[in-house]
Amino acid sequence: MRKVAAAAAGSLFLIGAVAAPSQALHGVDQDGLVNVSVGNVTILEDVNIAVAANVAAQICGVKVGPVILLAQEVDANDTTELVCDQRGQRNDVALSN
């Protein structure tokens with residue numbers, strides 16, 4: 001039992017040691033949360049990137065993969081990006097941070 005506990009603790013230590021340097025390389029404060037708005041109404045605030053991308057993709061009728069990349073860009077750079085223009089109406093779907 002002690003060997004199993006020691007192995008598990010050692011594994012967690014190694015994972016922490018590997019994860020810390022990779023975070024230090026980015027230098028950008030990312031929290032992984034973005035907002036989704038339709039027109040001038042925020043429908044989701046401070047939600048996980050995957051959730052926000054899925055909702056925005058469903059509203060716009062597009063594939064979620066490119067929207068996830070757009071959401072990551074928004075999170076990393078504190079920008080607002082248009083996901084789709086709803087046929088010239090004021091119901092544009094946007095991601096913001």
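These numbers come from the heavy atoms of this one structure, side chains and all, not from hydrogens, waters or symmetry mates.
Shown are Val38, Leu82, Val55, Val83; of these, the side-chain contact (heavy atoms from CB on, under 4.5 Å) with Cys60 is made only by Val83. Checking Val74, Asp46, Leu33, Asn35 one by one against Asn97, the side-chain contact (heavy atoms from CB on, under 4.5 Å) holds for a single residue, Val74.
Atom CG of Asp75 sits about 11.5 Å away from atom CG of Leu70, to the nearest 0.5 Å.
A continuous path of hydrophobic side-chain contacts links Ile43 to Val62 [ILVMFWY only; heavy atoms under 4.5 Å].
Val34 approaches Ala71 most closely through the heavy-atom pair CG1-O, 3.8 Å.
Between Val67 and Leu95 the shortest side-chain heavy-atom distance falls below 4.5 Å. In this structure, Thr42 and Val36 have side chains that are not in contact, with every pair of non-hydrogen atoms separated by 4.5 Å or more.
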